[in-house]
Amino acid sequence: MRYITAGESHGPQLTAIIEGLPAGLEISPEMLDLQLARRQQGYGRGDRMKIERDRVDILSGVRWGKTLGSPVTLVVKNRDWENWLEKMSPLAEHEGQAEAVTRPRPGHADLCGAMKYGHRDVRNILERSSARETAVRVAVGAVARGLLHALDIRIGGVVVEVGGVAAKPSAEPYPQQWAQAAASEMFCCDPAAELDMKRLIDHTKSIGDTLGGVVEVQVLGLPPGLGSHVQWDRKLDARLAMALMSIQAIKGVEIGLGFEAARRPGSKVHDEITWNPARLQQGELTPYQRPSNHAGGLEGGMTNGEPLVVRAAMKPIPTLYTPLQSVDIATHEPYEASVERSDTCAVPAALVVAEAVVAIELAQALLEKFGGDSLDEIRRNRDNYLAGLRDF
């Protein structure tokens, strides 16, 4: 499975084409819109979330609610497009009808992108580099989630930190954590930490600043053996890290203990292995078990049958209402950076995007492992593989 996206932040629409989906997978606009609605939620968001009200149109590859095996096209229209029709027009006749943006914003792709592509109007860069692009990636991720669900794999996540305010680790099972996060404006399952996060966001907004944070994605039901150890580009942990780092504003990724593993001796890091045939009667995939999950479900570039646990660190949004200093590329004079519409904190939205890209990578890994042109064929291949694991 592979996909590409196209479109600009203030263009008419964002588009994604997904190739390699099996036939027979159920897809509905409602299941896609649900994830886009989650992306627009969260305490600390700006006014644009009130404008967008994102919806997905399915233009190809699906008939009567099920995939055909042909490419699937998804579109998220920009409901503000009429206000940008001439400024972002693809027609040469409209050239010059919008003032060039010559003042790059610190922390964005503006300056290095303009230098790379030779643009003297920074809008040619900021429109595509905008995190608005993640809306259609969340739609692709919703399709991938559907495939995971069809293969008995569940995915969710929580916000674990905002601006240095850390939530206490929960002892609840992951599905319970997801339910608690769904009821929280911060997508957090620690009520006390949520209140502190909101207070910090309110204060930060009042002084024109922004906040980042850390999100954690958790996945249950993954069979051992997704990914591979034999080549660098087939290691699943590497692919997950790349997918998460491709999200705008993500600056760090951890799997399992992550950086904490570097601070502990090996005896406190590596997960011991036990064998318990009774696990099969409990619905587990193999009789092998790890009493701890410091590895976060991945060893040697492959899933090991334990829950996948991956975290991503988001930097503060670089568009500040108390502007930073920059330089005008037309005059080379210093100035205070311009302000596009912005959020004070978009960490909850980052969690939804992180879940989406993790789902996409896992869907790709599943299809590589089990193959098949239809969902039924993939299920047969998976069931045959799992049957072998029970006797391993």
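Only heavy atoms go into these numbers, but all of them, side chains included; no hydrogens, no water, no symmetry mates.
Under a cut-off of 6.0 angstrom, the local environment of CD in Glu26 is sparse, with at most 12 non-hydrogen atoms contributed by other residues, nucleotides or ligands. With a 6.0 Å radius and a threshold of 12 heavy atoms from other residues, nucleotides or ligands, Met115 has its CE atom at or below the threshold. In this structure, His149 places its NE2 atom where only 12 or fewer heavy-atom neighbours from other residues, nucleotides or ligands lie under 6.0 Å away. Counting heavy atoms of neighbouring residues, nucleotides and ligands inside a 6.0 Å radius, atom CD of Glu95 does not exceed 12 of them. Annotation for Arg264: atom CZ counts as buried by contact number, over 12 foreign heavy atoms lying within 6.0 Å. By the 6.0 Å contact criterion, CD on Gln97 is enclosed, its count of non-hydrogen atoms from other residues, nucleotides or ligands being greater than 12.
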Would you be so kind as to tabulate the donor-acceptor pairs closer than 3.5 Å made by side chains of residues 356-369, with sequence neighbours excluded?
| from | atom 1 | to | atom 2 | distance (Å) |
| --- | --- | --- | --- | --- |
| Gln364 | NE2 | Met1 | O | 3.0 |
| Glu368 | OE1 | Arg239 | NH1 | 3.1 |
| Glu368 | OE2 | Arg239 | NH2 | 3.2 |

Check: residues 226-236 side-chain donor-acceptor pairs under 3.5 Å, at least two apart:
| from | atom 1 | to | atom 2 | distance (Å) |
| --- | --- | --- | --- | --- |
| Ser228 | OG | Val230 | N | 3.1 |

Compile the donor-acceptor pairs under 3.5 Å between side chains in residues 135-142 and protein atoms, sequence neighbours left out, one pair per line.
| from | atom 1 | to | atom 2 | distance (Å) |
| --- | --- | --- | --- | --- |
| Arg137 | NE | Glu133 | OE1 | 3.2 |
| Arg137 | NE | Glu133 | OE2 | 3.1 |
| Arg137 | NH1 | Ser246 | OG | 2.8 |
| Arg137 | NH2 | Glu133 | OE1 | 3.1 |
| Arg137 | NH2 | Ser246 | O | 3.2 |
| Arg137 | NH2 | Gln248 | OE1 | 3.4 |

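Residues Met302 and Leu148 are members of separate hydrophobic clusters, defined by side-chain heavy-atom contacts under 4.5 angstrom among Ile, Leu, Val, Met, Phe, Trp and Tyr. Under the 4.5 Å side-chain heavy-atom criterion for ILVMFWY residues, no single connected hydrophobic cluster contains both Ile17 and Val56. In this structure, Val159 is a member of the same hydrophobic cluster as Val165, with clusters built from ILVMFWY side-chain heavy atoms closer than 4.5 Å. Clustering ILVMFWY residues whenever any of their side-chain heavy atoms sit less than 4.5 angstrom apart, transitively, puts Val217 in the very cluster that holds Ile255. Linking Ile, Leu, Val, Met, Phe, Trp and Tyr residues whenever their side-chain heavy atoms come within less than 4.5 Å leaves Leu111 and Val327 in two separate clusters.
Under 3.5 Å, the side chains of Arg63 and Ser70 contain no donor-acceptor pair of N or O atoms.
Listed by first and then second residue, the side chain to side chain donor-acceptor pair (under 3.5 Å) pairs involving residues 370-382 are Asp152-Arg382 (not counting sequence neighbours). Here ring pair (Phe, Tyr, Trp, His ring centres under 6.0 Å) pairs that include residues 87-134, with residues two or more places apart or in two chains, number zero. Under the ring pair (Phe, Tyr, Trp, His ring centres under 6.0 Å) criterion, the residue pairs touching residues 347-388 are Phe370-Tyr385, with sequence neighbours excluded.
Under the 4.0 Å criterion applied to side-chain N and carboxylate O atoms, Arg2 and Glu19 are assigned as salt-bridge partners. In this structure, Asp196 pairs ionically with Arg199, as a charged nitrogen and a carboxylate oxygen lie closer than 4.0 Å.
Note that CD1 of Ile153 is 8.0 Å distant from CG of Leu147, once rounded to the nearest 0.5 Å. Of the inter-residue distances, the one linking Ile201 atom CD1 with Leu211 atom CG reads 6.5 Å to the nearest 0.5 angstrom. Separation of atoms CD (Glu99) and NZ (Lys87) is listed at 9.5 Å; rounding is to 0.5 Å. Atom OG of residue Ser170 and atom CD of residue Gln180 lie 5.5 Å apart, to the nearest 0.5 angstrom. In this structure, OG1 in Thr134 is found 9.0 Å from CG in Leu14, a value given to the nearest 0.5 Å. Atom CD of Glu272 is separated from atom OG of Ser292 by 7.0 Å, given to the nearest 0.5 angstrom.
Within the 4.5 Å cutoff, side-chain heavy atoms of Val76 are placed close to those of Leu36. A heavy-atom distance below 4.5 Å is not found between the side chains of Thr15 and Leu74. By the 4.5 Å heavy-atom criterion applied to side chains, Arg290 and Asn304 are counted as neighbours. Counting heavy atoms from C-beta outward, Glu8 and Trp84 have side chains that stay 4.5 Å or more apart. Annotation: side chain of His10 is in contact with side chain of Arg123 (closest heavy-atom distance under 4.5 Å). In this structure the side chain of Arg390 reaches within 4.5 angstrom of the side chain of Leu386, judged on heavy atoms. In this structure the side chain of Val162 reaches within 4.5 angstrom of the side chain of Cys345, judged on heavy atoms.
With sequence neighbours excluded, the residues that form a side chain to side chain contact (heavy atoms under 4.5 Å, CB included) with Thr331 are Asp328, Glu333. Applying the side chain to side chain contact (heavy atoms under 4.5 Å, CB included) test to Glu185 and every residue at least two apart in sequence or in another chain returns Tyr43, Glu194, Lys198.
Clustering of Ile, Leu, Val, Met, Phe, Trp and Tyr by side-chain heavy atoms under 4.5 Å joins Val214 with Val158, Val160. Taking a 4.5 Å side-chain heavy-atom cut-off between Ile, Leu, Val, Met, Phe, Trp and Tyr, the cluster of Leu59 extends to Val75. Connectivity analysis of hydrophobic side chains (ILVMFWY, heavy atoms under 4.5 Å, direct or indirect) links Leu68 to nothing; its cluster partners are none. Taking Ile, Leu, Val, Met, Phe, Trp and Tyr as members and joining any whose side-chain heavy atoms lie under 4.5 Å apart, directly or through other members, the hydrophobic cluster of Tyr174 also contains Trp178, Leu220, Val309.
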Point to revise | salt bridge (Lys or Arg N to Asp or Glu O under 4.0 Å) between Arg132 and Asp54, intermediate numbers included | key: CA-CA 11 Å; Arg132 171 69 180 152; Asp54 290 330; 2.8 Å; yes
Point to revise | Asn78 and Gln13: CA distance, side-chain angles, deciding distance, side chain to side chain donor-acceptor pair (under 3.5 Å) verdict | key: CA-CA 5 Å; Asn78 178 10; Gln13 65 186 42; over 6 Å; no
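Partner Glu355 forms a side-chain hydrogen bond (donor to acceptor under 3.5 Å, both in side chains) with one of Gln35, Arg38, Arg39, Gln218 and no other, that one being Arg38. If you run salt bridge (Lys or Arg N to Asp or Glu O under 4.0 Å) between Arg311 and each of Glu161, Glu254, Glu260, only Glu254 comes through.
Remark: the backbone N or O of Pro307 is paired with a side-chain donor or acceptor of Asn293 at under 3.5 angstrom. A donor-acceptor pair under 3.5 Å links the side-chain atoms of Asp121 to the main chain of Val101, judged by distance alone. A donor-acceptor distance shorter than 3.5 angstrom exists from the side chain of Arg279 to the backbone of Tyr288, with no hydrogens or angles considered. Of the possible donor and acceptor atoms, one in the side chain of Lys315 sits under 3.5 Å from a partner among the backbone N and O of Gly107. Between the Ser60 side chain and the Thr73 main chain, a donor and an acceptor come within less than 3.5 Å of each other. In this structure, the side chain of Asp110 engages the main chain of Arg105 through a donor-acceptor pair within 3.5 Å. Within the 3.5 Å criterion, the main-chain N or O of Pro175 finds no donor-acceptor partner in the side chain of Arg154. Within the 3.5 Å criterion, the main-chain N or O of His294 finds a donor-acceptor partner in the side chain of Asp271. Side-chain atoms of Thr303 come within 3.5 Å of backbone N or O of Gly225 as a donor-acceptor pair. The main-chain N or O of Leu126 is never found under 3.5 Å from a side-chain atom of Ser130 such that the two would form a donor-acceptor pair.
Here the closest heavy-atom approach between residue Gly163 and residue Leu200 is recorded as O-CD2, 3.6 Å.
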